[in-house]
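Notes follow once the structure below has been shown.
A, B, ... follow the sequence lines: proteins, then strands. Residue 1 opens every chain. The structure displayed is predicted, hence computed values, not measured ones.
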Amino acid sequence: MTRFMHIVRRDLYLALRQGMDSAMVVMFFVLAVVLFPFGVGPEANILARIASGVIWVAALLASMLSLERLFQTDFEDGSLELLSLAPMTLEVIVLAKVTTHWLTTGLPLIAAAPLLAVLMNMNIDGFGTLILALAIGTPTLSLLGSVGAALILGSRRGGVLLSLLILPLYIPLLIFGVSAVDSAISGFAVRPQLMIMGGFLVATLPLCPWAASAALRQALE
Amino acid sequence: MTRFMHIVRRDLYLALRQGMDSAMVVMFFVLAVVLFPFGVGPEANILARIASGVIWVAALLASMLSLERLFQTDFEDGSLELLSLAPMTLEVIVLAKVTTHWLTTGLPLIAAAPLLAVLMNMNIDGFGTLILALAIGTPTLSLLGSVGAALILGSRRGGVLLSLLILPLYIPLLIFGVSAVDSAISGFAVRPQLMIMGGFLVATLPLCPWAASAALRQALE
Amino acid sequence: MARFTGENLTCIRGERCVFTGLDFAIQPGGALKLVGPNGSGKSSLLRLMAGLIPPASGSLAWDDGAVSEDPEEHNGRLHYVGHLDAVKTVLTVAENVRFWAGLRPGADTARSAVVAALGVFGIAHLVDVPGRFLSAGQRRRVNLTRIVSAPAELWLLDEPTTALDAAATAGLEQTMARHRAGGGMVVVSTHTEVGLDGAEVLDLSDFAENVHDEADSMAVGL
Amino acid sequence: MARFTGENLTCIRGERCVFTGLDFAIQPGGALKLVGPNGSGKSSLLRLMAGLIPPASGSLAWDDGAVSEDPEEHNGRLHYVGHLDAVKTVLTVAENVRFWAGLRPGADTARSAVVAALGVFGIAHLVDVPGRFLSAGQRRRVNLTRIVSAPAELWLLDEPTTALDAAATAGLEQTMARHRAGGGMVVVSTHTEVGLDGAEVLDLSDFAENVHDEADSMAVGL
Amino acid sequence: MFDRFANPARFMRFSKIVLPWLAGITIICIAVGLYLGLFTAPADYQQGESVRIMYVHVPSAWMALFCYTNMAIAAGIGLIWKHPLADLAAKSSAPAGACFTFLALLTGSLWGKPMWGAWWVWDARLTSMLVLFFLYLGYIALNNAFDDPTRGSKASSVLVLVGFVNVPIIKFSVDWWNTLHQPASVFKAAGPAVDTSMLIPLMLMAVGFTTYFLWIVMLRMRGEIIGGKIRAIRLRQVHG
Ligand code: HEM
Ligand SMILES: Nc1ncnc2c1ncn2[C@@H]1O[C@H](COP(=O)(O)OP(=O)(O)OP(=O)(O)O)[C@@H](O)[C@H]1O
Ligand SMILES: Nc1ncnc2c1ncn2[C@@H]1O[C@H](COP(=O)(O)OP(=O)(O)OP(=O)(O)O)[C@@H](O)[C@H]1O
Ligand SMILES: [Mg+2]
Ligand SMILES: [Mg+2]
């Protein structure tokens, strides 16, 4: 546990020192959402109708983009090799990295979401649920993404390949995430959707670090 | 000219050999568009309303993702250094790379667009214009993107940073591209929008290779 | 004290058999020097010893216990220095060293200990300098500091003198000698001369599947 | 034949003055050997000679014509070998060599010519092998083949013997000697011994802004 | 003009003298401008009290454009004449410019709610202003993305010049497209179409914002120069 915190602390520190990591992800999130009014046109009711979908899609894309470098820099400068030679299980190391990733991207996304909801003219009744759903969903995104990020190490095409690997896995989250928000806006119960998303989180929490470590070991061969 | 073709030929060959480059970009394009029916819900009239916008946004994102590696691999393995030491102007080399990028991503995107338009239930009157607008717009995307791709060489954050730099520059194309398609669907003239987009292309054709070479020279210092 | 042995090792990389039927044994205080032409598998053998790649056949043992049975424990007793220096550019030298030391039990991460470890490679004055200011040789020294900042019996060093100038090379040789005097083991791959008294020399080209004579074809080409 | 000279050169990299007040002159058939400790600026000077970085002050001249006036022409008369090998993993050795040769006027890109060039470094038998199967030393040889596959008067070689085994190093030395015998010029940076008869030696540490004594601090640290 | 401040040492001396004056002018102008704008200037017969947002909105919008133009000029000088202070000036202006842009967007939105009935509409002026905001952020991000600060400032200089195309678009968007947003009413060929009682506080605010900008930029440049000195000391440590 202390070594887990040791890694989390270093990675957080690196993220802060290298600066702007989180800020950039949030900016991409905002930019991606903002593209839609340009594309779809400025009619407020249409925007409101698609708001929750667009915000979720942008969150998926932002999370995906930032995941590309989850292990990449450590892989390239040799740190990953040495981490895997540390006397502790690789799964714990992966979990530490995923935790940092969520703290530096998931949390800021959640914080930025209400602003985007305003820009997209979303109904105010959905705000609370949007935040709650993102809070349950983004850790799952980071977990699923870690597997993809480990798989693409050393491949020639990072970003595009990663998107192909993990976007399909993200779709269930997207469906339930959007449906929760829409239910809230229409005044229906949101518990079922949130429960299902919680289930995803509980399932991926042990599985993904395990799969990601297997992929990492292969990348290091 | 023959050396221009020499570089284009090598890069095309590399893209084919490394395989899947174009295929992956197209798949990302399709996936990004397909996320929307999941996010927004399957109502045909809403989808039709936002179709042109979603397709354009997905095209921007796909183009952006693939641009990250425009110079990256050559930079990392030392090829870029040697290319810049070839007895020819760097602008020509950039133009060769942009040409290959467009051939391997822009063209396939154009080819895939009608399929997506069908998926999104777009009005059939817009198909021709969509293809035409993409045909004029995607080279501009590649050109603008080459500047961003050159600027981020050697930076700590590739993909996310690139998106911040070039998505704002893509916005005018998005606006006119969508507006052309929407005009076609509503039966208005599309010439003005296409003319403006053509103007963008003519303006970026000399400017972007120049700016990109300036950025490349700095990266190689 | 322990013994580190490998028996009948075969290594296959990228569909090619790099070496086969390789045996080695290192006693406490012993050293093994890996030599051989380019591509003969020196780096591959070191990665295999570190457990980064599993042998295609054969086995590694630590005192008669198979290494593959408890990889974590094996990690705890070795230091590996590869081609990459793993120095983070935004962290200071002290922060870099302390991070790696902190991952191991029994390491002293106090500032004075870190400074002392840096002193071994003559870079104690760089303790608060961020990694990005370091030259290639200085980086390498920071990487080498790792191996003295936390104890481990087995040192696996892949061309450790790359980018080092004469003074730093001499320092490394003395450090290795001290480590061995305390019962440690050292495995070093190298193309140049590295002072390792009484080291056993293992020529990797002896274990290639079909020995090719590149030297000949070279002579013909000239 | 031409003369390549540099006058009063200053190089600033990453806000630091690496060297200043440096002069050199190379005659046809001449050679210059760059030595100096890590970070003294050997690679920087070579990049400056290649035109990859502009000098902060001072100027380079080719036969009294300033190099900065026509960088493209300068590119045409030099070959640069840096730390990176620029070998594409998915192209065969022949394709790799032919691509670089094809960018230069006067190069023969026929297969027989490529094979002959590869033969100079003893890797003619690898002609159809994809780059990804090469070891570090073989890659380096492919990179070196570039310089014989198209003619150029000035060779700028940055630690060319890195990763080369003894046989390949000897081959390179002979090739350089032949190039100089034909009136070519060679600039080589190195930490180890490279045979270059009658080469002028330029110690980069003589041109540092304030000469430092790392060797001393090293001795204290040990 | 450039030669005079050519070396950082002279800039340090010069700025030390000028800084207190800039601070004084800033405080006085903004204090008086705000007082006049918020309390003495008349409310609009159409817009009511909400017109008072103008005294912040319009100067910050002007400053957003002014800042970016400055940065583009400084970046150009830095790239062509390699003037060290020019790069610092561009780098130091960016955060201030981003803040002004954000302020213009914020006050515009606050004003939009009573005027247009929505916090945000997607018209050309607003849109291009948002793009400007992203360009500022992109500039800052790129500047900080490299280990070597000189590389960061050169790369971002190229970006700032490429992005300059957006400035005329913002300026003339109200004329080229018919938008909800007001067309220019102060700087017109025929003279300002605004009453003096409103024009005076507006101008005071504009002057105050400008001196504030200069103040901040000089402060930041001083900080950058000192940071450079610290880095130099570090480097000397490394290399003996
Ligand atoms: C977020 C929304 C808004 C943005 C981004 C914005 C942006 C701008 C910009 C860039 C300017 C400077 C134009 C120039 O220098 O020519 C400006 C000026 C101005 N804006 Fe806004 N604006 C917004 C909302 C509003 C609203 C809601 C009103 C009032 C109805 C308004 C009224 C004005 C006025 C009166 C000027 C001064 C025009 C002049 O005399 O030059 N703006 N705005
Ligand atoms: N990651 C890899 N994937 C596939 N094959 C590899 C990989 N790394 C090395 N090889 C191959 O394995 C063989 C042995 O490589 P290795 O790096 O062990 O040689 P080496 O003796 O260390 O050579 P050098 O003197 O260049 O360091 C080479 O033929 C090389 O092409
Ligand atoms: N791309 C760069 N940006 C900024 N500074 C650099 C860069 N490359 C090198 N330097 C710095 O310039 C100085 C000289 O480096 P250079 O690579 O020329 O040294 P060298 O003599 O070749 O050293 P080595 O023996 O390690 O090859 C070093 O202090 C280094 O930190
Ligand atoms: Mg090796
Ligand atoms: Mg060097």
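Residue Glu221(A) qualifies as enclosed at atom CD: its count of foreign heavy atoms under 6.0 Å is above 12.
Ranking Val57(A), Leu61(A), Val30(A) against chain B, the residue ahead of the rest is Val57(A), based on heavy-atom pairs under 4.5 Å. Interface remark: of the candidates Ile171(B), Val181(B), Ile175(B), Ile171(B) forms the most heavy-atom pairs closer than 4.5 Å to chain A.
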**Study point:** Derivation of the side-chain contact (heavy atoms from CB on, under 4.5 Å) call for Met27(A) and Leu161(B)
**Key:** CA-CA 9 Å; Met27(A) 286 196 278; Leu161(B) 180 58; over 6 Å; no
Practice item. Show the numbers, then the answer: is there a side-chain contact (heavy atoms from CB on, under 4.5 Å) between Phe36(B) and Ile50(A)? Key: CA-CA 9 Å; Phe36(B) 281 90; Ile50(A) 63 172; over 6 Å; no
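Side chains of Trp56(A) and Leu35(B) form no contact here, defined as non-hydrogen atoms less than 4.5 Å apart.
Taking the six-membered ring for Trp and the full ring otherwise, Phe38(B) and Tyr170(A) have centroids separated by 6.0 Å or more.
Residue pairs meeting the salt bridge (charged side-chain N to carboxylate O under 4.0 Å, His left out) criterion with at least one partner in residues 46-64 of chain B, sequence neighbours excluded, are Glu43(A)-Arg49(B).
Taking Leu31(B) as the reference, Leu164(A), Leu167(A), Pro168(A) meet the side chain to side chain contact (heavy atoms under 4.5 Å, CB included) condition, with sequence neighbours excluded.
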